[in-house]
2 protein chains.
Amino acid sequence: MEELANRQAYHHGDLRSALIETGLHLLKTKAHGDIGLREVARETGVSATAVYRHFPDKDALMRALALAGYEKLFDAQEAAAAAKSSREESFRATGQAYVHFAVANPALFGVMTKYMSDAPGEEARARAAQARPGVSLRENIASLLPDGASKRAQDVVAIQAMALVHGLAQLVLGGQIPNDPDLINAAVDQFGNWRRVQD
Amino acid sequence: MEELANRQAYHHGDLRSALIETGLHLLKTKAHGDIGLREVARETGVSATAVYRHFPDKDALMRALALAGYEKLFDAQEAAAAAKSSREESFRATGQAYVHFAVANPALFGVMTKYMSDAPGEEARARAAQARPGVSLRENIASLLPDGASKRAQDVVAIQAMALVHGLAQLVLGGQIPNDPDLINAAVDQFGNWRRVQD
DNA sequence: ATTGCTGAGTTAACAGTGTCAACATAACGA
DNA sequence: TCGTTATGTTGACACTGTTAACTCAGCAAT
């Protein structure tokens with residue numbers, strides 16, 4: 001029986017990975033709305049309480065999914081920036097990649113923002129992964145500033161860049177601004193323009 | 001008995017208002033996390049199913065709360081902008097008011113973004129109220145553009161302004177950037193600077 | 001090899017949720 | 001005064017996250 005085989009497989013410890021995998025799969029097809037602990041357990045072909053052998057509670061499972069999402073997002077940003085040569089083009093690519101990732105994976109992005117926010121005693125790896133997309137933007141934008149720019153100026157510009165792409169993503173997902181790639185890209189691009197003339 | 005008096009009062013039709021009121025009260029004290037239909041009914045001193053005489057389902061109740069929130073936000077923006085004289089100062093004030101409102105009412109703001117997004121067949125009043133804060137920003141920012149600015153340029157700048165303030169709010173609430181009013185205000189202010197030099 | 005322990009899964013149950021159906025009753029117009 | 005209708009009620013259903021008690025595979029040590 002394949003069930004027996006699966007159960008034996010899970011017994012070696014890859015149930016945790018399997019849960020995350022089906023979780024990501026569910027989020028890919030959901031588009032909107034939350035995902036349930038029982039739902040992912042059921043879809044994995046395992047009892048609901050089996051989840052608790054690998055995660056202390058639902059939040060922990062969702063944070064693991066969020067972590068996987070942030071890693072995917074970071075990969076997408078790197079891939080987008082790799083093709084570009086200039087620093088400015090790299091910044092634009094990473095920013096646009098952020099928004100496009102959110103639009104392409106709305107449910108996953110929702111989980112990322114909902115469960116990764118303010119992670120209290122999370123492991124260092126998780127916090128690092130979450131911060132990476134922001135750091136990515138931060139480095140690219142900092143390289144565009146004048147050499148003598150103050151740390152304060154760098155902070156402000158970095159925060160603006162993060163807020164711009166995060167806000168764009170959220171507004172498009174919320175339907176408050178149309179999902180028009182040209183418009184989105186223009187909004188990101190002109191931020192780069194701004195930086196060049198700024199103080 | 002006050003209970004009897006309340007029930008009689010509700011019978012005249014102000015239960016709907018009462019539910020919204022206690023809902024807003026609950027959101028004020030919650031800080032984080034969702035609110036429940038049964039919870040607000042219980043707190044109002046009424047049975048859970050009574051809610052269904054005034055709202056078709058939980059989503060409708062939450063959208064009503066979101067609507068009330070948007071109206072409050074708009075009032076806060078107007079109050080902040082009223083004191084200012086120049087258009088540029090008005091824009092800054094409305095933008096900062098947006099972020100500060102979100103930080104001051106995190107749970108309510110969460111409901112606004114979660115339930116007001118993509119309202120399908122909502123009444124015109126609701127959509128209008130939701131759009132008002134954005135319109136507020138839009139008008140203020142448009143007035144800063146050169147007279148001959150294309151509609152496209154206006155759209156892009158308006159979207160950037162909305163994304164900036166919305167993103168700032170979300171990032172502060174998520175703990176991804178520190179809740180430092182000076183930093184936030186600086187981020188909003190320098191967006192105004194940018195506009196002035198832009199093409 | 002048997003024994004016993006531990007890790008990883010199971011079922012059963014509990015509190016809580018949103019929602020529906022059936023019932024009660026207050027308020028008002030004929 | 002008497003229905004009718006709007007506005008409440010209780011009871012139930014399916015679902016959720018979570019806990020407790022149980023089963024049992026697989027490995028370590030005698």
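Reminder, nothing fancy here: chain letters follow the sequence lines and each chain counts from 1. Every heavy atom of this structure was used, including side-chain atoms; hydrogens, water molecules and symmetry mates were not. These numbers come from a predicted model, not from an experiment.
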Taking the side chain as every heavy atom from C-beta outward, state whether I184(B) and Q96(B) have any pair of such atoms under 4.5 Å apart.
no

For residues 37-45 of chain A, run the donor-acceptor check on the side chains, cut-off 3.5 Å, and write out each pair with its distance to 0.1 Å, sequence neighbours left out.
from   : atom 1 : to     : atom 2 : distance (Å)
E39(A) : OE1    : G36(A) : N      : 3.2
E39(A) : OE2    : K30(A) : NZ     : 3.3
T44(A) : OG1    : T22(A) : OG1    : 3.0
T44(A) : OG1    : V40(A) : O      : 2.5

With distance as the sole test, does Q77(A) use its side chain to make a donor-acceptor pair with the main-chain N or O of A97(A) at under 3.5 Å?
no

Among dT10(D), dG9(C), dT7(D), which nucleotide has an atom closest to any side-chain atom of H54(B)?
dT7(D)

What does the B/S/- profile of nucleotides 12-22 of chain C look like, 5' to 3', with a 4.0 Å heavy-atom cutoff to protein?
BB---BBBB-B

Any heavy-atom pair between the side chains of F74(A) and F101(A) that's under 4.5 Å?
no

Which parts of residues 18-28 of chain A get close to DNA chain D, meaning a heavy atom less than 4.0 angstrom away?
none

Start with the C-alpha distance between R138(A) and D155(A), add both sets of side-chain angles, then the distance that settles salt bridge (charged side-chain N to carboxylate O under 4.0 Å, His left out), and finish with yes or no.
CA-CA 9 Å; R138(A) 204 184 187 89; D155(A) 283 351; 3.1 Å; yes

Does the side chain of D182(B) reach to within under 4.5 Å of the side chain of R152(A), using non-hydrogen atoms?
yes

For residues Y70(B) and R132(B), determine if any side-chain heavy atom of one lies less than 4.5 Å from a side-chain heavy atom of the other.
no

Rounded to whole angstroms, how far apart are CG on L15(A) and C1' on dA25(D)?
15 Å

With distance as the sole criterion, is a donor-acceptor pair present between the side chains of Q170(A) and H166(A) under 3.5 Å?
yes

Rounded to the nearest Å, what distance is computed from the CG atom of residue D34(A) to the C1' atom of nucleotide dT16(D)?
12 Å

